[in-house]
Amino acid sequence: MKLIVIGSNSNCQIRLNSQFVSGYHAELLLLDNGEILLTDKGSRNGTYLNGQRLQPNKDIPIKRGVPIQIADQLLDWQSVPAVPMPDFSKIKEMWGIGTNFRNKYQLQGDRVSRFHATLVKKSDKKWYIQDHSKNGTTVNGKAIPSNQEVKLKKRDKILCAGVAVQNPYGEGKPVNYKKILTVVSIFLLLGGVGYGLYSLKGCQNIESDISSLKSMTDQEIYAKYKSSTVLLIGYYYYKVSAGNLDLNKLDLPTEVVVSDGKLKAVSGQRSNMKLFTGTGFYVSFDGKIVTNLHIVRPWLFDKELSLISDQYKMFMASAASENPALNAFTAQIEVEGVLAYIGMIPNGAYFSDENLKQCRELMAHNNTDKDIAILQLETKQLPANSNIVDLSQAVTEDNQICVGSHIYTIGFPFGLSLQDLKSPKGIQLLGHGGSITQECTEYSFGFDASSYGGASGSPIFNDKGQLIGVLNSGVSKSQGFNYAIKASHVIDLLNNNIYQEGISR
(Lines give C-alpha, C1' and ligand atoms only; values in the text may rest on other atoms or scores of the structure.)
Protein backbone atom coordinates (compact mmCIF):
# COMPACT_ATOMS: atom_id res chain seq x y z
CA MET A 1 0.00 0.00 0.00
CA LYS A 2 1.21 3.51 -0.77
CA LEU A 3 -0.20 6.92 0.21
CA ILE A 4 0.32 9.77 -2.26
CA VAL A 5 -0.36 13.27 -0.92
CA ILE A 6 -1.27 15.93 -3.50
CA GLY A 7 -0.99 19.63 -2.71
CA SER A 8 1.06 22.80 -2.88
CA ASN A 9 3.21 22.12 0.22
CA SER A 10 6.82 21.22 -0.42
CA ASN A 11 6.50 17.90 1.45
CA CYS A 12 3.69 16.56 -0.79
CA GLN A 13 4.57 13.58 -2.96
CA ILE A 14 2.86 15.30 -5.88
CA ARG A 15 3.40 19.04 -5.60
CA LEU A 16 1.27 21.37 -7.74
CA ASN A 17 2.37 24.97 -8.08
CA SER A 18 -0.91 26.87 -8.12
CA GLN A 19 -2.45 29.52 -5.88
CA PHE A 20 -5.74 27.60 -6.08
CA VAL A 21 -4.34 24.28 -4.82
CA SER A 22 -4.46 23.80 -1.04
CA GLY A 23 -1.37 22.83 0.91
CA TYR A 24 -2.76 19.34 1.68
CA HIS A 25 -5.33 19.14 -1.09
CA ALA A 26 -6.04 15.45 -1.77
CA GLU A 27 -4.82 11.89 -1.31
CA LEU A 28 -4.40 8.90 -3.57
CA LEU A 29 -4.29 5.60 -1.69
CA LEU A 30 -2.85 2.72 -3.71
CA LEU A 31 -4.08 -0.49 -2.06
CA ASP A 32 -2.35 -3.86 -2.14
CA ASN A 33 -5.20 -5.46 -4.09
CA GLY A 34 -4.80 -2.96 -6.95
CA GLU A 35 -7.62 -0.61 -5.95
CA ILE A 36 -7.02 3.14 -5.98
CA LEU A 37 -8.92 5.48 -3.64
CA LEU A 38 -9.12 9.24 -4.21
CA THR A 39 -9.96 11.54 -1.29
CA ASP A 40 -10.43 15.30 -1.22
CA LYS A 41 -9.06 16.54 2.11
CA GLY A 42 -11.42 19.48 2.55
CA SER A 43 -9.68 21.63 -0.04
CA ARG A 44 -10.79 25.18 -0.69
CA ASN A 45 -11.26 24.86 -4.46
CA GLY A 46 -12.18 21.22 -4.72
CA THR A 47 -11.14 17.98 -6.36
CA TYR A 48 -13.03 16.91 -9.49
CA LEU A 49 -13.56 13.44 -10.96
CA ASN A 50 -14.89 13.42 -14.52
CA GLY A 51 -15.92 17.05 -13.99
CA GLN A 52 -17.88 16.46 -10.76
CA ARG A 53 -16.68 17.87 -7.45
CA LEU A 54 -16.04 15.30 -4.75
CA GLN A 55 -17.47 15.45 -1.26
CA PRO A 56 -14.62 16.18 1.19
CA ASN A 57 -13.08 13.33 3.20
CA LYS A 58 -14.86 10.54 1.31
CA ASP A 59 -12.82 7.73 -0.27
CA ILE A 60 -13.77 7.33 -3.94
CA PRO A 61 -12.70 4.18 -5.84
CA ILE A 62 -11.17 5.14 -9.19
CA LYS A 63 -9.24 3.59 -12.05
CA ARG A 64 -5.79 4.66 -13.17
CA GLY A 65 -5.95 7.18 -15.97
CA VAL A 66 -9.36 8.74 -15.25
CA PRO A 67 -9.41 12.56 -15.53
CA ILE A 68 -8.81 14.14 -12.12
CA GLN A 69 -8.71 17.90 -11.63
CA ILE A 70 -7.04 19.34 -8.52
CA ALA A 71 -8.55 22.86 -8.32
CA ASP A 72 -7.33 24.30 -11.63
CA GLN A 73 -4.68 21.62 -12.28
CA LEU A 74 -5.13 18.35 -14.19
CA LEU A 75 -3.43 15.40 -12.48
CA ASP A 76 -0.57 13.92 -14.51
CA TRP A 77 -0.92 10.17 -14.02
CA GLN A 78 2.71 9.67 -15.01
CA SER A 79 3.63 11.30 -11.69
CA VAL A 80 1.67 8.63 -9.79
CA PRO A 81 3.88 5.59 -9.11
CA ALA A 82 2.52 2.15 -9.81
CA VAL A 83 2.41 -0.21 -6.84
CA PRO A 84 3.60 -3.69 -7.89
CA MET A 85 0.63 -6.04 -7.96
CA PRO A 86 0.89 -9.14 -5.77
CA ASP A 87 1.19 -12.51 -7.45
CA PHE A 88 -2.36 -13.71 -6.90
CA SER A 89 -1.41 -17.20 -8.06
CA LYS A 90 0.49 -17.50 -4.78
CA ILE A 91 -2.15 -15.81 -2.62
CA LYS A 92 -5.14 -17.70 -1.27
CA GLU A 93 -6.75 -14.87 0.74
CA MET A 94 -6.12 -11.18 1.41
CA TRP A 95 -7.85 -9.32 4.24
CA GLY A 96 -7.64 -5.64 5.13
CA ILE A 97 -7.56 -4.25 8.68
CA GLY A 98 -8.58 -0.67 9.53
CA THR A 99 -11.42 1.75 10.19
CA ASN A 100 -12.69 1.82 6.59
CA PHE A 101 -15.71 -0.44 5.99
CA ARG A 102 -13.96 -2.07 3.00
CA ASN A 103 -11.71 -3.96 5.39
CA LYS A 104 -12.50 -7.54 6.41
CA TYR A 105 -11.53 -6.54 9.97
CA GLN A 106 -13.13 -3.15 10.64
CA LEU A 107 -11.64 -1.67 13.81
CA GLN A 108 -12.61 1.29 15.96
CA GLY A 109 -10.07 3.63 17.54
CA ASP A 110 -8.81 7.17 17.08
CA ARG A 111 -5.28 5.93 16.37
CA VAL A 112 -6.25 3.18 13.93
CA SER A 113 -5.64 4.08 10.28
CA ARG A 114 -8.24 3.69 7.55
CA PHE A 115 -6.18 0.89 5.99
CA HIS A 116 -3.96 -0.01 8.89
CA ALA A 117 -2.57 -3.40 7.88
CA THR A 118 -3.04 -6.34 5.51
CA LEU A 119 -3.34 -10.06 6.25
CA VAL A 120 -2.31 -12.42 3.46
CA LYS A 121 -2.64 -16.20 3.28
CA LYS A 122 -0.19 -17.65 0.77
CA SER A 123 0.00 -20.95 -1.05
CA ASP A 124 2.06 -22.36 1.84
CA LYS A 125 -1.15 -22.01 3.93
CA LYS A 126 0.67 -19.59 6.26
CA TRP A 127 -0.66 -16.16 7.24
CA TYR A 128 1.45 -13.00 6.94
CA ILE A 129 0.77 -9.47 8.18
CA GLN A 130 2.05 -6.19 6.75
CA ASP A 131 1.72 -2.84 8.53
CA HIS A 132 0.95 0.36 6.58
CA SER A 133 -0.01 2.66 9.44
CA LYS A 134 1.20 5.74 11.24
CA ASN A 135 0.72 4.35 14.75
CA GLY A 136 2.05 0.86 14.19
CA THR A 137 1.16 -2.81 14.57
CA THR A 138 2.52 -5.18 17.22
CA VAL A 139 2.75 -8.96 17.31
CA ASN A 140 3.14 -10.36 20.82
CA GLY A 141 3.95 -6.88 22.06
CA LYS A 142 6.75 -6.23 19.55
CA ALA A 143 6.35 -3.60 16.83
CA ILE A 144 6.70 -5.01 13.33
CA PRO A 145 8.51 -3.07 10.56
CA SER A 146 6.38 -0.99 8.22
CA ASN A 147 5.47 -2.39 4.79
CA GLN A 148 7.28 -5.68 5.38
CA GLU A 149 5.65 -9.09 5.57
CA VAL A 150 5.82 -10.82 8.95
CA LYS A 151 4.85 -14.49 9.26
CA LEU A 152 2.23 -15.19 11.92
CA LYS A 153 1.80 -18.18 14.19
CA LYS A 154 -1.42 -19.59 15.53
CA ARG A 155 -1.33 -18.07 19.02
CA ASP A 156 0.21 -14.69 18.11
CA LYS A 157 -1.46 -11.66 19.72
CA ILE A 158 -2.00 -8.88 17.18
CA LEU A 159 -2.64 -5.24 18.05
CA CYS A 160 -3.19 -2.41 15.57
CA ALA A 161 -2.54 0.91 17.36
CA GLY A 162 -3.40 -0.89 20.58
CA VAL A 163 -6.65 -2.42 19.28
CA ALA A 164 -6.84 -6.22 19.31
CA VAL A 165 -7.21 -8.06 16.00
CA GLN A 166 -8.46 -11.63 15.72
CA ASN A 167 -5.71 -14.06 14.79
CA PRO A 168 -6.54 -15.30 11.27
CA TYR A 169 -5.78 -18.90 12.30
CA GLY A 170 -8.70 -18.67 14.71
CA GLU A 171 -9.15 -20.81 17.79
CA GLY A 172 -9.01 -24.55 18.39
CA LYS A 173 -7.36 -27.31 16.42
CA PRO A 174 -6.26 -26.83 12.83
CA VAL A 175 -8.80 -27.97 10.27
CA ASN A 176 -8.00 -31.33 8.68
CA TYR A 177 -8.85 -30.43 5.10
CA LYS A 178 -7.77 -33.83 3.79
CA LYS A 179 -10.20 -35.59 6.09
CA ILE A 180 -13.00 -33.21 5.17
CA LEU A 181 -12.42 -33.72 1.45
CA THR A 182 -12.49 -37.49 1.96
CA VAL A 183 -15.84 -37.30 3.77
CA VAL A 184 -17.29 -35.00 1.12
CA SER A 185 -16.14 -37.34 -1.65
CA ILE A 186 -17.84 -40.31 0.01
CA PHE A 187 -21.01 -38.25 0.47
CA LEU A 188 -21.05 -37.33 -3.21
CA LEU A 189 -20.63 -40.94 -4.22
CA LEU A 190 -23.47 -42.05 -1.97
CA GLY A 191 -25.70 -39.26 -3.20
CA GLY A 192 -24.87 -39.83 -6.81
CA VAL A 193 -21.82 -38.48 -8.58
CA GLY A 194 -23.99 -37.26 -11.40
CA TYR A 195 -25.89 -34.93 -9.05
CA GLY A 196 -22.74 -33.83 -7.30
CA LEU A 197 -21.11 -32.84 -10.59
CA TYR A 198 -24.23 -31.27 -12.04
CA SER A 199 -23.53 -27.77 -13.27
CA LEU A 200 -25.94 -25.51 -11.41
CA LYS A 201 -27.34 -22.58 -13.36
CA GLY A 202 -29.33 -19.39 -12.80
CA CYS A 203 -30.09 -18.72 -9.15
CA GLN A 204 -27.93 -21.61 -8.02
CA ASN A 205 -24.87 -20.32 -9.87
CA ILE A 206 -23.26 -18.64 -6.87
CA GLU A 207 -19.73 -18.40 -5.56
CA SER A 208 -18.48 -21.25 -3.41
CA ASP A 209 -17.80 -19.13 -0.34
CA ILE A 210 -21.41 -17.94 -0.28
CA SER A 211 -22.93 -21.34 -1.09
CA SER A 212 -21.05 -22.79 1.87
CA LEU A 213 -23.09 -20.69 4.28
CA LYS A 214 -25.53 -22.71 6.34
CA SER A 215 -29.29 -22.25 6.01
CA MET A 216 -30.93 -20.52 8.95
CA THR A 217 -34.43 -20.70 10.36
CA ASP A 218 -36.48 -17.54 10.76
CA GLN A 219 -35.99 -17.85 14.51
CA GLU A 220 -32.21 -17.94 14.06
CA ILE A 221 -32.26 -14.91 11.76
CA TYR A 222 -34.39 -12.98 14.24
CA ALA A 223 -32.09 -13.90 17.14
CA LYS A 224 -29.02 -12.88 15.16
CA TYR A 225 -30.27 -9.50 13.99
CA LYS A 226 -32.73 -8.31 16.63
CA SER A 227 -29.92 -6.28 18.23
CA SER A 228 -29.01 -4.80 14.82
CA THR A 229 -32.40 -3.27 13.94
CA VAL A 230 -33.71 0.00 15.43
CA LEU A 231 -36.78 2.22 15.46
CA LEU A 232 -36.24 5.64 13.88
CA ILE A 233 -38.17 8.75 14.94
CA GLY A 234 -37.82 12.17 13.37
CA TYR A 235 -39.26 15.58 12.56
CA TYR A 236 -39.09 17.71 9.44
CA TYR A 237 -40.50 20.93 8.00
CA TYR A 238 -40.15 23.20 4.96
CA LYS A 239 -38.09 26.39 4.74
CA VAL A 240 -39.28 29.07 2.33
CA SER A 241 -37.22 31.95 0.93
CA ALA A 242 -37.50 34.57 -1.82
CA GLY A 243 -34.02 35.90 -2.49
CA ASN A 244 -33.17 38.72 -0.06
CA LEU A 245 -36.83 39.55 0.54
CA ASP A 246 -37.95 39.33 4.17
CA LEU A 247 -41.13 37.27 3.92
CA ASN A 248 -41.99 37.94 7.56
CA LYS A 249 -42.67 41.58 6.66
CA LEU A 250 -45.43 40.30 4.37
CA ASP A 251 -46.80 38.16 7.22
CA LEU A 252 -45.61 35.05 5.40
CA PRO A 253 -43.93 32.43 7.63
CA THR A 254 -40.58 31.06 6.46
CA GLU A 255 -40.93 27.69 8.23
CA VAL A 256 -44.08 25.69 7.44
CA VAL A 257 -45.64 22.25 7.11
CA VAL A 258 -48.66 21.06 5.16
CA SER A 259 -51.59 19.93 7.32
CA ASP A 260 -54.85 18.80 5.71
CA GLY A 261 -53.81 20.49 2.50
CA LYS A 262 -53.18 23.83 4.23
CA LEU A 263 -50.01 25.62 5.28
CA LYS A 264 -49.22 25.72 8.96
CA ALA A 265 -46.46 27.83 10.53
CA VAL A 266 -43.88 25.88 12.52
CA SER A 267 -42.96 28.86 14.74
CA GLY A 268 -39.83 27.08 15.94
CA GLN A 269 -41.86 24.42 17.75
CA ARG A 270 -41.05 20.75 17.16
CA SER A 271 -44.64 19.87 18.08
CA ASN A 272 -45.75 21.75 14.95
CA MET A 273 -43.40 19.81 12.66
CA LYS A 274 -44.13 16.62 10.75
CA LEU A 275 -43.47 13.52 12.85
CA PHE A 276 -42.39 10.27 11.18
CA THR A 277 -41.17 6.82 12.16
CA GLY A 278 -39.18 4.21 10.28
CA THR A 279 -36.74 1.33 10.64
CA GLY A 280 -32.97 1.14 10.26
CA PHE A 281 -30.15 -1.31 10.92
CA TYR A 282 -26.51 -1.02 11.99
CA VAL A 283 -23.81 -1.81 9.43
CA SER A 284 -20.68 -0.65 11.29
CA PHE A 285 -19.41 -0.43 14.84
CA ASP A 286 -19.06 3.36 14.56
CA GLY A 287 -22.84 3.68 14.41
CA LYS A 288 -23.69 3.78 10.70
CA ILE A 289 -27.36 2.94 10.12
CA VAL A 290 -28.94 2.01 6.79
CA THR A 291 -32.48 3.18 6.09
CA ASN A 292 -34.51 4.59 3.21
CA LEU A 293 -33.93 7.90 1.49
CA HIS A 294 -37.64 8.65 1.94
CA ILE A 295 -37.13 8.42 5.71
CA VAL A 296 -34.26 10.93 5.69
CA ARG A 297 -35.62 13.20 2.94
CA PRO A 298 -39.38 12.57 2.81
CA TRP A 299 -40.02 15.77 0.86
CA LEU A 300 -38.46 14.20 -2.24
CA PHE A 301 -41.31 11.67 -2.41
CA ASP A 302 -44.43 13.84 -2.16
CA LYS A 303 -45.89 16.90 -3.84
CA GLU A 304 -45.69 19.22 -0.83
CA LEU A 305 -42.66 21.14 -2.16
CA SER A 306 -44.52 22.22 -5.29
CA LEU A 307 -47.74 22.81 -3.34
CA ILE A 308 -45.99 25.21 -0.94
CA SER A 309 -44.16 26.92 -3.81
CA ASP A 310 -47.42 27.46 -5.69
CA GLN A 311 -49.15 28.84 -2.56
CA TYR A 312 -46.38 31.37 -1.94
CA LYS A 313 -46.29 32.45 -5.56
CA MET A 314 -50.02 33.16 -5.34
CA PHE A 315 -49.45 35.14 -2.12
CA MET A 316 -46.74 37.15 -3.86
CA ALA A 317 -48.83 37.77 -6.95
CA SER A 318 -51.68 39.05 -4.78
CA ALA A 319 -49.34 41.34 -2.80
CA ALA A 320 -47.74 42.57 -6.03
CA SER A 321 -51.04 44.06 -7.15
CA GLU A 322 -50.44 46.76 -4.52
CA ASN A 323 -46.64 46.69 -4.63
CA PRO A 324 -45.42 45.86 -8.18
CA ALA A 325 -41.80 45.63 -6.97
CA LEU A 326 -42.68 42.27 -5.47
CA ASN A 327 -43.09 40.76 -8.95
CA ALA A 328 -39.31 40.47 -9.19
CA PHE A 329 -39.25 38.09 -6.19
CA THR A 330 -41.95 35.70 -7.39
CA ALA A 331 -39.49 33.73 -9.52
CA GLN A 332 -37.07 33.59 -6.58
CA ILE A 333 -39.40 31.58 -4.35
CA GLU A 334 -37.52 28.51 -3.13
CA VAL A 335 -38.77 25.73 -0.85
CA GLU A 336 -36.48 23.18 0.76
CA GLY A 337 -37.09 20.34 3.17
CA VAL A 338 -35.31 20.42 6.52
CA LEU A 339 -34.66 17.37 8.69
CA ALA A 340 -34.95 19.00 12.11
CA TYR A 341 -34.21 15.88 14.12
CA ILE A 342 -33.80 12.14 13.75
CA GLY A 343 -33.04 9.65 16.49
CA MET A 344 -33.23 5.94 17.14
CA ILE A 345 -34.33 3.56 19.91
CA PRO A 346 -32.88 0.03 19.99
CA ASN A 347 -35.14 -2.99 20.04
CA GLY A 348 -36.02 -3.92 23.62
CA ALA A 349 -35.43 -0.44 25.05
CA TYR A 350 -38.10 1.63 26.79
CA PHE A 351 -39.59 4.45 24.75
CA SER A 352 -38.16 7.48 26.52
CA ASP A 353 -36.13 10.61 25.81
CA GLU A 354 -33.22 9.00 27.65
CA ASN A 355 -33.17 6.01 25.30
CA LEU A 356 -33.70 8.09 22.16
CA LYS A 357 -30.22 8.49 20.64
CA GLN A 358 -29.68 11.32 18.15
CA CYS A 359 -28.44 10.54 14.65
CA ARG A 360 -27.38 12.63 11.69
CA GLU A 361 -27.64 12.22 7.95
CA LEU A 362 -24.27 10.90 6.78
CA MET A 363 -24.83 9.92 3.15
CA ALA A 364 -27.84 10.69 1.00
CA HIS A 365 -28.71 11.98 -2.46
CA ASN A 366 -31.68 13.19 -4.50
CA ASN A 367 -32.25 10.12 -6.69
CA THR A 368 -35.61 8.71 -5.59
CA ASP A 369 -35.10 5.48 -7.57
CA LYS A 370 -32.20 4.53 -5.26
CA ASP A 371 -34.18 4.77 -2.05
CA ILE A 372 -31.23 4.33 0.33
CA ALA A 373 -29.61 6.65 2.88
CA ILE A 374 -27.03 6.28 5.64
CA LEU A 375 -27.36 7.77 9.12
CA GLN A 376 -24.78 7.78 11.89
CA LEU A 377 -25.18 7.96 15.64
CA GLU A 378 -23.81 11.24 16.99
CA THR A 379 -21.84 9.21 19.55
CA LYS A 380 -20.26 7.16 16.71
CA GLN A 381 -20.58 4.15 18.99
CA LEU A 382 -23.13 1.36 19.17
CA PRO A 383 -25.16 0.85 22.35
CA ALA A 384 -24.12 -2.06 24.54
CA ASN A 385 -24.99 -5.57 23.30
CA SER A 386 -25.67 -4.34 19.76
CA ASN A 387 -24.68 -6.19 16.61
CA ILE A 388 -24.21 -5.22 12.95
CA VAL A 389 -25.43 -6.61 9.65
CA ASP A 390 -22.25 -7.74 7.89
CA LEU A 391 -22.27 -6.12 4.45
CA SER A 392 -19.32 -8.22 3.31
CA GLN A 393 -21.81 -11.14 3.19
CA ALA A 394 -24.55 -9.17 1.43
CA VAL A 395 -25.98 -10.53 -1.83
CA THR A 396 -25.21 -8.15 -4.69
CA GLU A 397 -25.90 -10.28 -7.77
CA ASP A 398 -29.37 -10.37 -9.32
CA ASN A 399 -29.11 -14.09 -10.15
CA GLN A 400 -29.01 -14.82 -6.41
CA ILE A 401 -32.38 -13.10 -5.85
CA CYS A 402 -34.88 -15.54 -7.28
CA VAL A 403 -38.66 -15.72 -7.42
CA GLY A 404 -39.88 -18.32 -4.95
CA SER A 405 -36.87 -18.02 -2.63
CA HIS A 406 -37.64 -17.63 1.06
CA ILE A 407 -36.97 -14.28 2.77
CA TYR A 408 -37.35 -12.90 6.27
CA THR A 409 -37.67 -9.30 7.42
CA ILE A 410 -37.78 -7.55 10.80
CA GLY A 411 -38.86 -3.99 11.50
CA PHE A 412 -41.40 -1.68 13.10
CA PRO A 413 -44.55 -1.60 10.90
CA PHE A 414 -47.10 0.98 12.09
CA GLY A 415 -44.33 2.66 14.12
CA LEU A 416 -45.36 2.92 17.75
CA SER A 417 -49.02 2.05 17.11
CA LEU A 418 -48.46 -1.68 17.64
CA GLN A 419 -46.16 -1.20 20.63
CA ASP A 420 -47.06 -1.61 24.29
CA LEU A 421 -45.08 1.35 25.64
CA LYS A 422 -45.65 0.18 29.22
CA SER A 423 -44.27 -3.29 28.63
CA PRO A 424 -41.17 -4.17 30.68
CA LYS A 425 -39.73 -5.70 27.51
CA GLY A 426 -39.60 -2.29 25.83
CA ILE A 427 -40.36 -1.81 22.13
CA GLN A 428 -40.39 -5.05 20.14
CA LEU A 429 -39.54 -5.85 16.53
CA LEU A 430 -42.05 -7.59 14.31
CA GLY A 431 -40.76 -10.36 12.07
CA HIS A 432 -42.36 -11.68 8.89
CA GLY A 433 -41.39 -14.52 6.57
CA GLY A 434 -42.31 -14.76 2.93
CA SER A 435 -41.03 -15.31 -0.58
CA ILE A 436 -39.63 -13.27 -3.44
CA THR A 437 -42.50 -12.71 -5.87
CA GLN A 438 -41.03 -10.49 -8.57
CA GLU A 439 -37.71 -10.56 -10.38
CA CYS A 440 -35.13 -7.81 -9.94
CA THR A 441 -35.36 -4.57 -11.83
CA GLU A 442 -32.44 -2.16 -11.93
CA TYR A 443 -33.28 -0.99 -8.41
CA SER A 444 -35.64 -3.38 -6.61
CA PHE A 445 -37.42 -6.72 -6.33
CA GLY A 446 -40.86 -7.78 -5.06
CA PHE A 447 -41.77 -9.96 -2.08
CA ASP A 448 -44.93 -11.02 -0.23
CA ALA A 449 -44.03 -10.76 3.49
CA SER A 450 -46.66 -8.51 5.03
CA SER A 451 -45.60 -5.03 6.05
CA TYR A 452 -46.84 -1.48 6.50
CA GLY A 453 -45.70 2.13 7.01
CA GLY A 454 -43.03 2.35 9.71
CA ALA A 455 -41.30 -0.78 8.41
CA SER A 456 -39.58 1.22 5.67
CA GLY A 457 -35.86 0.67 6.07
CA SER A 458 -36.23 -2.89 7.37
CA PRO A 459 -33.52 -5.36 6.32
CA ILE A 460 -34.55 -8.24 4.04
CA PHE A 461 -32.59 -11.48 4.56
CA ASN A 462 -32.41 -14.69 2.55
CA ASP A 463 -32.53 -18.13 4.16
CA LYS A 464 -28.81 -17.94 4.95
CA GLY A 465 -29.13 -14.72 6.89
CA GLN A 466 -27.52 -12.60 4.15
CA LEU A 467 -28.81 -9.10 3.48
CA ILE A 468 -30.45 -9.00 0.05
CA GLY A 469 -32.43 -5.76 0.25
CA VAL A 470 -34.03 -2.93 2.19
CA LEU A 471 -37.83 -2.67 2.39
CA ASN A 472 -38.98 0.59 0.84
CA SER A 473 -42.55 0.41 -0.46
CA GLY A 474 -45.74 -1.58 -0.89
CA VAL A 475 -49.34 -1.47 -2.04
CA SER A 476 -51.28 0.06 0.84
CA LYS A 477 -54.65 -1.39 -0.24
CA SER A 478 -53.46 -4.98 -0.12
CA GLN A 479 -50.76 -6.91 1.69
CA GLY A 480 -48.35 -9.22 -0.10
CA PHE A 481 -47.25 -6.74 -2.76
CA ASN A 482 -44.14 -5.11 -1.32
CA TYR A 483 -40.78 -4.03 -2.67
CA ALA A 484 -37.19 -3.74 -1.52
CA ILE A 485 -34.21 -1.83 -2.85
CA LYS A 486 -31.42 -4.26 -3.69
CA ALA A 487 -28.53 -4.51 -1.21
CA SER A 488 -26.10 -3.64 -4.01
CA HIS A 489 -27.30 -0.03 -3.78
CA VAL A 490 -26.36 0.06 -0.09
CA ILE A 491 -22.85 -1.02 -1.04
CA ASP A 492 -22.70 1.54 -3.85
CA LEU A 493 -23.73 4.39 -1.55
CA LEU A 494 -21.15 3.42 1.06
CA ASN A 495 -18.53 3.16 -1.68
CA ASN A 496 -19.51 6.74 -2.51
CA ASN A 497 -18.89 6.03 -6.17
CA ILE A 498 -22.04 6.24 -8.29
CA TYR A 499 -23.85 8.82 -6.12
CA GLN A 500 -21.66 11.82 -6.90
CA GLU A 501 -24.51 13.85 -8.34
CA GLY A 502 -26.74 15.27 -5.62
CA ILE A 503 -24.75 13.78 -2.76
CA SER A 504 -25.29 15.07 0.77
CA ARG A 505 -23.39 18.12 1.92
Side-chain angles (χ1 to χ4, degrees), residues 1-5 27-39 57-64 81-123 125-139 143-152 156-170 207 209-210 282-288 374 380 388-394 396 467 487-488 490-497:
M1 190 186 78
K2 189 175 183 62
L3 177 66
I4 308 295
V5 178
E27 290 178 351
L28 281 173
L29 193 60
L30 314 179
L31 301 181
D32 292 333
N33 62 3
E35 284 188 90
I36 302 176
L37 301 180
L38 172 65
T39 310
N57 299 309
K58 298 295 181 183
D59 299 327
I60 309 300
I62 63 170
K63 293 183 178 180
R64 182 176 287 273
V83 173
M85 289 290 291
D87 185 353
F88 287 105
S89 66
K90 299 179 180 179
I91 294 177
K92 300 299 183 183
E93 295 183 64
M94 180 180 288
W95 298 351
I97 305 171
T99 60
N100 190 282
F101 74 91
R102 293 180 179 84
N103 294 292
K104 175 72 173 183
Y105 290 161
Q106 186 178 351
L107 304 184
Q108 305 301 313
D110 294 338
R111 300 177 67 248
V112 179
S113 301
R114 288 175 295 164
F115 298 91
H116 197 102
T118 304
L119 287 167
V120 176
K121 185 180 183 181
K122 296 189 176 181
S123 54
K125 299 182 181 179
K126 303 295 183 183
W127 282 97
Y128 298 78
I129 190 168
Q130 189 173 140
D131 175 75
H132 314 296
S133 68
K134 178 180 179 182
N135 294 311
T137 299
T138 63
V139 176
I144 65 174
S146 180
N147 295 310
Q148 295 183 29
E149 287 186 347
V150 174
K151 185 186 289 187
L152 293 172
D156 283 342
K157 304 298 183 183
I158 308 166
L159 298 177
C160 288
V163 179
V165 177
Q166 180 183 343
N167 189 304
Y169 288 106
E207 297 180 4
D209 61 332
I210 293 177
Y282 302 126
V283 293
S284 71
F285 290 106
D286 63 351
K288 293 185 181 70
I374 311 295
K380 295 185 178 180
I388 68 169
V389 174
D390 185 359
L391 293 182
S392 69
Q393 296 290 338
T396 58
L467 181 74
S488 58
V490 176
I491 305 297
D492 288 338
L493 181 55
L494 282 167
N495 282 341
N496 199 27
N497 185 20

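Just so we're clear, the structure is a prediction, and the values are computed from it rather than from any experiment.
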So which heavy atom on [X] is nearest to which on [Y], and how close?
X: K151; Y: D156; answer: O-OD2, 4.3 Å
X: C160; Y: V112; answer: O-CG2, 3.7 Å
X: P81; Y: L30; answer: O-CD1, 3.2 Å
X: V150; Y: P145; answer: CG2-CD, 4.2 Å

For this session: Can you sort out the partners of S146 under side-chain contact (heavy atoms from CB on, under 4.5 Å), two or more places apart, ordered by chain and number?
Result: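 Result, side-chain contact (heavy atoms from CB on, under 4.5 Å) vs S146: D131.
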Problem set entry | Contacts of V389 that satisfy side-chain contact (heavy atoms from CB on, under 4.5 Å) - sequence neighbours left out |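 So V389 forms a side-chain contact (heavy atoms from CB on, under 4.5 Å) with Y225, S228, F281, F461, L467.
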For this session: Test side chain to side chain contact (heavy atoms under 4.5 Å, CB included) on V283 and I388 and set out the steps.
Result: CA-CA 5 Å; V283 293; I388 68 169; 5.6 Å; no
Problem set entry | Residues that E149 engages under salt bridge (Lys or Arg N to Asp or Glu O under 4.0 Å), provided they are two or more places apart |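 Partners of E149 under the salt bridge (Lys or Arg N to Asp or Glu O under 4.0 Å) test: K122.
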Nearest 0.5 angstrom please: [X] [atom1] to [Y] [atom2], how far?
X: L159; Y: T138; atom1: CG; atom2: OG1; answer: 4.0 Å
X: I62; Y: T39; atom1: CD1; atom2: OG1; answer: 9.0 Å
X: K380; Y: K288; atom1: NZ; atom2: NZ; answer: 8.5 Å
X: E35; Y: K63; atom1: CD; atom2: NZ; answer: 11.0 Å
X: L28; Y: I60; atom1: CG; atom2: CD1; answer: 12.0 Å
X: I97; Y: S113; atom1: CD1; atom2: OG; answer: 11.5 Å

Is any side-chain heavy atom of [X] less than 4.5 Å from a side-chain heavy atom of [Y]?
X: N147; Y: Q130; answer: yes
X: D286; Y: T99; answer: no
X: L31; Y: L37; answer: yes

Problem set entry | Under 3.5 Å: donor-acceptor pair, side chain of Y169, backbone of L152 |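 Flag set: sc Y169 to bb L152 pair under 3.5 Å.
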Exercise. Between the side chain of H116 and the main-chain N/O of G96, is any donor-acceptor distance below 3.5 Å?
Worked result: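 No, the answer is negative, given that no donor and acceptor are paired below the 3.5 Å cut-off.
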Exercise. Looking at residues at least two apart in the chain, or sitting in another chain, which of them share a ring-ring contact (aromatic ring centres under 6.0 Å, His included) with Y105?
Worked result: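 By the ring-ring contact (aromatic ring centres under 6.0 Å, His included) rule, Y105 matches W95.
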Problem set entry | Derivation and outcome, side chain to side chain contact (heavy atoms under 4.5 Å, CB included), residues T137 and I129 | CA-CA 9 Å; T137 299; I129 190 168; 4.0 Å; yes
Exercise. Which residues satisfy the side chain to side chain donor-acceptor pair (under 3.5 Å) test with S488, sequence neighbours excluded?
Worked result: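 S488 satisfies side chain to side chain donor-acceptor pair (under 3.5 Å) with no residue once adjacent residues are dropped.
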Problem set entry | side chain to side chain donor-acceptor pair (under 3.5 Å) partners of N135, counting only residues at least two apart |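 Counting only residues at least two positions away or on another chain, N135 forms no side chain to side chain donor-acceptor pair (under 3.5 Å).
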Exercise. Is there a donor-acceptor contact under 3.5 Å linking the side chains of T118 and H132?
Worked result: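 Yes, side-chain donor-acceptor contact under 3.5 Å.
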